[in-house]
Amino acid sequence: CIIRPFMTRFSTRSAMARFAVLALLVIALGGCSANWGWYVVSPDTKSGQTNLLFLLGGLKYTILLSLTAILISITLGLLVALPGLSANPVLKGFNRVYVEFIRAIPILVMILWVYYGLPQVADISIGVFWAGVIALALSDSAFQAEIFRAGIQSINRGQYEAAQSISLNYADTMRFVILPQAIRRILPALGNQLVYMLKMSSLVSVIGMQELTRKANELVVTEYRPLEIYTILVLEYLVLILVVSAMVRWLERRPESEWLLCTRHATQVSTRYLRELVKRLKKTGANRDTAVTFRRKSLRAIHLANSEG
């Protein structure tokens with residue numbers, strides 16, 4: 001109770017300090033306008049406004065590319081992580097081979113192969129946007145798989161036993177009991193991967209994607225002022241990543257009750273399954289009291305598991 005308010009104040013002060021450093025950096029760079037060619041990106045001139053709008057035109061593609069790729073990589077990473085938790089050696093082997101193989105390929109090489117090689121191998125036509133999405137998602141999915149595997153393995157074994165006690169199948173156990181708790185624990189790692197994805201999206205510029213870095217490169221060729229233009233590019237990425245980091249920290253500070261943790265989930269699910277259990281028990285000749293007793297024991301097991309976790 002004492003640590004959480006302190007950490008909240010610390011995170012707030014940290015964010016304020018970062019924005020203060022950013023403001024000082026902008027002021028310092030502005031003071032060098034006599035020596036630097038800031039007229040290229042100055043909002044006081046017509047050409048500077050045009051150049052700034054041109055640079056900001058790549059922002060939507062950077063965000064769209066990164067969000068699409070991270071959503072696909074999270075889904076793919078979860079699907080790859082689940083076989084790694086199995087006792088089946090074949091499924092475990094698939095997980096290990098996939099993770100090690102994908103992690104060994106540099107992202108730039110993956111982007112080039114997907115854009116130039118995949119159309120020839122699969123005999124398909126693919127645009128620069130989806131080539132970038134596929135390459136980034138594949139490269140990140142191996143890391144996501146390891147993050148999910150670690151998060152799921154960190155959940156107490158008693159949570160699985162509590163879910164089994166109310167006849168939850170594997171899919172519902174993961175959906176209602178295990179994954180809500182695992183995602184809560186791996187949220188900082190997922191946030192880091194999103195920041196990583198935003199930065200790595202700049203590599204898609206090599207195949208012609210009109211994102212922030214590509215826009216800056218094209219403007220440098222036109223204006224011949226690389227120092228000033230790339231400085232603005234640095235500030236664009238800095239502001240974007242600071243905003244994303246602040247959003248992730250805001251999610252981390254949300255009360256646990258809003259994350260729908262195991263007790264709330266399991267209680268709701270057990271209520272939903274009670275009628276089904278009653279029907280099953282009646283078919284076997286048992287009465288309703290037996291089903292109610294069974295449910296009470298199940299909830300007691302859930303409470304004990306939560307206490308241990």
Side-chain angles (χ1 to χ4, degrees), residues 65-157 159-161 163-164 168-207 209 248:
L65 176 69
S66 301
L67 290 180
T68 306
I70 197 71
L71 290 176
I72 295 176
S73 69
I74 287 175
T75 304
L76 186 57
L78 177 60
L79 294 177
V80 173
L82 294 178
L85 302 170
S86 173
N88 189 320
V90 176
L91 295 178
K92 262 190 173 177
F94 164 76
N95 170 273
R96 187 49 43 198
V97 170
Y98 180 91
V99 170
E100 296 299 335
F101 178 76
I102 296 298
R103 284 196 305 193
I105 304 176
I107 294 183
L108 182 57
V109 175
M110 179 71 78
I111 293 172
L112 294 174
W113 187 89
V114 169
Y115 185 65
Y116 293 107
L118 187 60
Q120 298 183 20
V121 173
D123 193 22
I124 59 175
S125 177
I126 185 170
V128 292
F129 177 80
W130 285 109
V133 167
I134 293 172
L136 292 176
L138 283 176
S139 296
D140 190 60
S141 63
F143 299 95
Q144 297 286 359
E146 291 297 275
I147 291 172
F148 272 105
R149 184 175 65 85
I152 293 173
Q153 287 180 333
S154 70
I155 304 302
N156 191 284
R157 183 64 188 173
Q159 303 290 338
Y160 293 91
E161 296 172 355
Q164 292 173 0
L168 291 184
N169 56 31
Y170 180 79
D172 284 338
T173 298
M174 283 293 171
R175 177 186 174 188
F176 292 107
V177 179
I178 304 302
L179 284 180
Q181 298 177 83
I183 292 175
R184 174 75 165 127
R185 296 183 180 184
I186 66 176
L187 184 61
L190 295 180
N192 286 337
Q193 288 304 114
L194 177 56
V195 170
Y196 176 77
M197 187 72 73
L198 285 168
K199 294 192 293 185
M200 292 302 103
S201 66
S202 62
L203 295 176
V204 187
S205 63
V206 299
I207 60 175
M209 181 67 189
V248 172

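Residues: numbered from 1 along the sequence shown. The figures here come from the full heavy-atom set of this structure, side chains too, leaving out hydrogens, waters and symmetry mates.
- The shortest side-chain heavy-atom distance between Thr68 and Phe129 falls under the 4.5 Å cut-off.
- Side-chain contact check for Gln181 versus Asn156: every heavy-atom pair is 4.5 Å or farther apart.
- Checked against Leu136 for a side chain to side chain contact (heavy atoms under 4.5 Å, CB included), the options Val114, Leu203, Ile107 give a single hit: Ile107.
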Check step by step if side-chain contact (heavy atoms from CB on, under 4.5 Å) holds for Tyr115 and Ile134. CA-CA 9 Å; Tyr115 185 65; Ile134 293 172; over 6 Å; no
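- The shortest distance between side-chain heavy atoms of Ser139 and Met200 does not fall below 4.5 Å.
- Under the 3.5 Å distance criterion, the side-chain polar atoms of Glu146 are left unmatched by any main-chain donor or acceptor of Ala142.
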Mind running side-chain contact (heavy atoms from CB on, under 4.5 Å) on Val204 and Val128 for me, showing each step along the way? CA-CA 8 Å; Val204 187; Val128 292; 5.7 Å; no
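- By the neighbour-count criterion of 12 heavy atoms within 6.0 Å, atom CG of Asn88 is densely surrounded, having more than that number from other residues, nucleotides or ligands.
- Without hydrogens or angle criteria, Arg185 side chain to Ser154 main chain gives a donor-acceptor distance under 3.5 Å.
- Considering only heavy atoms from C-beta on, Tyr98 comes within 4.5 Å of Leu138 through its side chain.
- Side-chain contact check for Leu179 versus Ile152: some heavy-atom pair is nearer than 4.5 Å.
- The main-chain N or O of Leu82 is never found under 3.5 Å from a side-chain atom of Ser86 such that the two would form a donor-acceptor pair.
- By the 6.0 Å contact criterion, CD on Glu100 is enclosed, its count of non-hydrogen atoms from other residues, nucleotides or ligands being greater than 12.
- Residues Gln144 and Ile70 form a side-chain contact, since some pair of their non-hydrogen atoms from C-beta on lies under 4.5 Å apart.
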